[in-house]
Amino acid sequence: MSEFDAIVVGAGPAGASAAIRLASSKKNVLLVEKSDPPGSKNVSGGVLWGNGLSAIIPDWEKSAPVERFVDTKSVAFLTQDSKIGIDFSSKKLEQKKTGYTVLRARLDQWLARKAKEAGAMVINGITVEKLHIENGKVTGIEQDGDVITSDTVILCEGANPRVAINSGLRKPLTDHDVAIGVKEVIKLPENTINERFHLKSGAGFACEYVLGYLKGGVEAGGFLYTNKDSISVGIVVSMSHLRKNDATHTYDMIEEFTAHPYIAPLLQGGEMQEYSAHMVQEGGFSSIPKLYGNGYMIAGDSAGFSFSNGLVLQGMNYAIDSGIAAADTFAAAYDKKNFTENALKSYQDRLEGSYVMKDMRSFKGIGDVTWSPFVHKKIPAMLESLMMGLFMEEGRPKKHMTRMLLDALSQNDMLRVSSLMDAYRMMRRM
Ligand SMILES: Cc1cc2nc3c(=O)[nH]c(=O)nc-3n(C[C@H](O)[C@H](O)[C@H](O)COP(=O)(O)OP(=O)(O)OC[C@H]3O[C@@H](n4cnc5c(N)ncnc54)[C@H](O)[C@@H]3O)c2cc1C
C-alpha cells in the first residue's frame, strides 16, 4: 500500500495544476517543491496566455495575483538606431482577456495555496533526488535516503529535468534544447507606467523584440511587459548561439538591450527590484521525451512543452494544460487500480487531442528559423532601409513603393537565392 495516491514533483504551473486537479477529486496527493516559498526561484517573462486555469479554479482571474491584462501586444525589430514595430491594441483583447502579466513569486505561491486548500499536502524546501523504482515501476521518490511511496509520480520539475534524466527517463539536455533567459524587474509608480505606455488602469503592454544589433553579432530576443507597478524586461538567447560567441555574456546583452535608445526611456527613473536568470525550454518537438511509463508521467517544461516564434513566448499555458491532462489520466487509472505504462498511455492521447501536442507538431523545427541571421540581422536592417526610404524627405524625386522595397531588399542582400530560401523556410515554419 503506497503512502500517497500520487506525488507531484515541482510546484510550478504544471505541478500545482496537476495537484489541484488531483486533490479536487479527493486523491491523496503530495506536492513537493524545492523552493521555499514556491516560486521564489522561478522566472517567466511573463505573460500568462490562455485560460487553462479556469478548468481547475473557476473565475481564477478574480483571485489570482495577476498584474495587468494585456490590451496592447507588440512586436518590434531593433537596430542600433531604430525601432520598427507593430502594435496591436484592441477592445477585443480587453473583452477576451487572454493574456495577463504575472510575477512568478506571487503566482506560484498562490497556486500552491490553492493546491493546499483543495486538499493536497504541500512540502516546500525539499529537492527530490531521484525516483524510487522497483521491478521496473516507479513507486515513489527518494531524498537523502528517505523514500516516500505513491502509485504514480508526475514529474513537473521544469526546464532542467534532473530527476527525469538521473532516472533514465529522458536524455541529457543538449545546447539545442535550451536557451538562457535573463530578466530584470524595474520598479516604477503605477501612474508613470500608465502614462508612459498610454495605458488605462489595469491594462498592460507586452512586447517581444528581435535584437538585430548586439555586439559580437549574437542573435537574441528581448521582451518588455508591464506589471502593476513594475516592468519586466529581459533577453532570451539560444544556448548554442551563446556557445558559438563565447566572448559574449548574457549580462552584457541585457545591458545593451536596456540601454537601447528606444528602451532606456521606458525604464527611466526605475529602480531594479529583481535580477534573475533561468533556462528556457527551446528544443521543441524533437526534444520531447517519452511522456509516460510504469508509474510515471512527465508534464510542462520537463516534457519539452514550450513555444516561441519571436512574436510570443509561451510555456505556462502548456504547463497548466499538460499538468491537468496528467492528473486526469491518473484519475482514470485510479478507477481501475492500474498504473502500468499501458494504463497511463492515455496521457499521450489526451495531449495529442489538445492544442499542446498539436502546437508542438505544427511548429516542429521553428527554432532553426527564428534563431537565424536572416531573422536577426537581415530583416531588421532591411526594414530600417525601407522605413528610411518611405519616411525621409530629402528634396529628391520620390520612388514608387515597390522600387523602394526592391532597393531595401537588394541593399541587404535579400534578393539572393539563399535569402529567398530562408524567407520561404521562415514562412513555412511560422
Ligand atoms: C526569461 C523567461 C521568460 C519567459 N516568458 C514566458 C512568458 O511570457 N509566458 C509563458 O507562458 N512562458 C514564459 N516562459 C516559460 C515558462 O516560464 C515555463 O514554460 C513555465 O514556467 C513551465 O512551467 P513548469 O511548471 O513546467 O516549470 P517551472 O515553472 O520551472 O516549475 C518547476 C518547479 O519544479 C521545482 N523543482 C525542480 N526540480 C525539483 C526537484 N528535484 N524537487 C522539487 N522541486 C523541484 C522548481 O523549483 C519549480 O518550482 C519564460 C521563461 C523564461 C525563463
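Computed from a predicted model, the values in this text were never measured in an experiment.
Formation of a donor-acceptor pair under 3.5 Å by the Asn338 side chain with backbone atoms of Thr340 is found in this model. Panel note: side chain Gln281, backbone Asp301; a donor-acceptor pair is recorded below 3.5 Å. A donor-acceptor pair under 3.5 Å is absent between the side-chain atoms of Ser35 and the main chain of Pro37, judged by distance alone. Judged by distance alone, the side chain of Ser44 and the main-chain N or O of Gly46 form no donor-acceptor pair under 3.5 Å. Of the possible polar contacts, none joining the Arg104 side chain to the Asn42 backbone as a donor-acceptor pair under 3.5 Å is found. Side chain of Lys377 to main chain of Gly217: a donor-acceptor pair is present (N/O by atom type, distance under 3.5 Å, no hydrogens or angles). Judged purely by atom type and a 3.5 angstrom limit, Glu134 has no side-chain atom pairing as donor or acceptor with the backbone of Thr139. Side chain of Glu33 to backbone of Ala11: a donor-acceptor contact under 3.5 angstrom is found. Without hydrogens or angle criteria, Ser322 side chain to Ala319 main chain gives a donor-acceptor distance under 3.5 Å. For Lys358 (side chain) and Gly353 (main-chain N/O), a donor-acceptor pair under 3.5 Å exists by modelled atom type.
Looking at heavy atoms from C-beta onward, Glu129 lies out of side-chain contact with Val163 at the 4.5 angstrom threshold. Between Asp252 and Lys215 there is no side-chain heavy-atom pair separated by less than 4.5 Å. The closest side-chain heavy-atom distance from Asp328 to Ile324 is below 4.5 Å. Side-chain contact between Glu184 and Ile186 is present, with heavy atoms from C-beta onward closer than 4.5 Å. Side chains of Val70 and Tyr225 form no contact here, defined as non-hydrogen atoms less than 4.5 Å apart. The shortest side-chain heavy-atom distance between Tyr213 and Phe257 falls under the 4.5 Å cut-off. Here the side chains of Ile254 and Tyr275 are in contact, with some heavy-atom distance below 4.5 Å. A heavy-atom distance below 4.5 Å is found between the side chains of Asn227 and Leu103.
The ring of Phe77 has its center no closer than 6.0 angstrom to the ring center of Tyr209.
Between Thr79 and Pro380, the shortest heavy-atom distance links the atoms CG2-O, 3.6 Å. In terms of heavy atoms, Ile20 sits closest to Leu111 at CD1-O, 3.8 Å. Nearest heavy atoms, Pro65 versus Trp110: CD-CG, 3.4 Å. For the pair Ala164 and Glu157, the tightest heavy-atom approach, listed with the atom from each and the gap, is N-OE2, 2.9 Å. Across all non-hydrogen atoms, the minimal contact from Glu384 to Ile84 is N-CD1, 3.9 Å. Closest approach of Lys228 to Val66, counting heavy atoms only: NZ-O, 4.0 Å.
To the nearest 0.5 Å, atom CD of residue Glu61 and atom CG of residue Leu48 are 9.5 Å apart. One finds the NE2 atom of His376 at 7.5 Å from the CG atom of Leu211 (value rounded to the nearest 0.5 Å). Between the CD atom in Glu190 and the CG atom in Leu188 there is a gap of 11.5 Å [rounded to 0.5 Å]. In this structure, OG1 in Thr329 is found 7.5 Å from CG in Leu344, a value given to the nearest 0.5 Å. Once rounded to the nearest 0.5 Å, the distance linking CG of Asp36 with OG of Ser40 reads 7.0 Å. The CG atom of Asn51 sits 9.5 Å away from the CG atom of Asp321 when rounded to the nearest 0.5 Å.
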- Task: Test Val233 against Leu267 for side-chain contact (heavy atoms from CB on, under 4.5 Å), laying out the working first.
- Result: CA-CA 9 Å; Val233 57; Leu267 308 174; 4.3 Å; yes
- Item | Evaluation steps, side-chain contact (heavy atoms from CB on, under 4.5 Å), between Lys183 and Ser232 | CA-CA 7 Å; Lys183 173 182 163 183; Ser232 295; 3.5 Å; yes
- Message: Test side-chain contact (heavy atoms from CB on, under 4.5 Å) on Phe374 and Met414; report intermediate values, then the result.
- Response: CA-CA 9 Å; Phe374 181 76; Met414 289 176 81; 3.6 Å; yes
- Task: Kindly indicate, with the supporting measurements, whether the criterion salt bridge (charged side-chain N to carboxylate O under 4.0 Å, His left out) is fulfilled by Glu271 and Lys187.
- Result: CA-CA 5 Å; Glu271 189 187 312; Lys187 183 114 179 118; over 6 Å; no
- Please step through side-chain hydrogen bond (donor to acceptor under 3.5 Å, both in side chains) for the pair Ser419 and Lys378, ending with a clear verdict. CA-CA 9 Å; Ser419 293; Lys378 291 195 171 177; 3.1 Å; yes
- Under the side-chain contact (heavy atoms from CB on, under 4.5 Å) rule, what do Leu131 and Val153 come out as? Steps first, then yes or no, please. CA-CA 8 Å; Leu131 293 173; Val153 175; 3.7 Å; yes
- Stepwise, does the salt bridge (charged side-chain N to carboxylate O under 4.0 Å, His left out) test hold for Glu94 with Lys200? CA-CA 11 Å; Glu94 181 174 348; Lys200 64 181 179 202; 2.9 Å; yes
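Side chains of Tyr334 and Asp151: no donor on one and acceptor on the other come within 3.5 Å. For Ser25 and Arg21, the side-chain atoms include no donor-acceptor pair closer than 3.5 Å. Using modelled atom types and a 3.5 Å distance limit, the side chains of Thr72 and Asp87 yield no donor-acceptor pair. Residues Asn28 and Asp5 have side chains that never bring a donor and an acceptor to within less than 3.5 angstrom of each other. Remark: the Asp71 side chain and the Ser90 side chain contain no N/O donor-acceptor pair separated by less than 3.5 Å. Inspection of the Ser362 and Asp359 side chains reveals no N or O donor paired with an N or O acceptor under 3.5 Å. A donor-acceptor pair shorter than 3.5 Å cannot be found between the side chains of Asp146 and Gln143. Judged purely by distance below 3.5 Å, without hydrogens or angles, the side chains of Asn194 and Arg68 pair a donor atom with an acceptor atom.
Figure legend: Lys345 and Tyr347 shown without cation-pi pairing, the cationic atom not lying both under 6.0 angstrom from the six-membered ring centre and within 45 degrees of its axis. In this structure, Lys97 forms a cation-pi arrangement with Phe69, its terminal cationic atom sitting closer than 6.0 Å to the ring centre and no more than 45° off the ring axis.
In this structure, Trp60 and Tyr100 have perpendicular ring planes: the angle between them is above 60°, well past the 30° mark. Below 30°, between 30° and 60°, or above 60°: for His249 and Tyr251 the angle between ring planes is below 30°, a parallel geometry.
Using a 4.0 Å cut-off between charged nitrogen and carboxylate oxygen, Glu67 and Arg106 count as a salt-bridge pair. Classification of Arg361 and Glu352 as a salt-bridged pair holds, one side-chain N sitting under 4.0 Å from a carboxylate O.
Open room surrounds CD1 on Ile86; 12 or fewer heavy atoms of other groups in view lie less than 6.0 Å from it. Counted within 6.0 Å of NZ on Lys27, heavy atoms from surrounding residues, nucleotides or ligands total more than 12; the atom is thus considered enclosed. Applying the 6.0 Å contact sphere to NZ of Lys116 captures no more than 12 heavy atoms from other residues, nucleotides or ligands.
Exactly one of Tyr355, Phe305, Phe363 qualifies for a ring-ring contact (aromatic ring centres under 6.0 Å, His included) with Tyr318. That residue is Tyr355.
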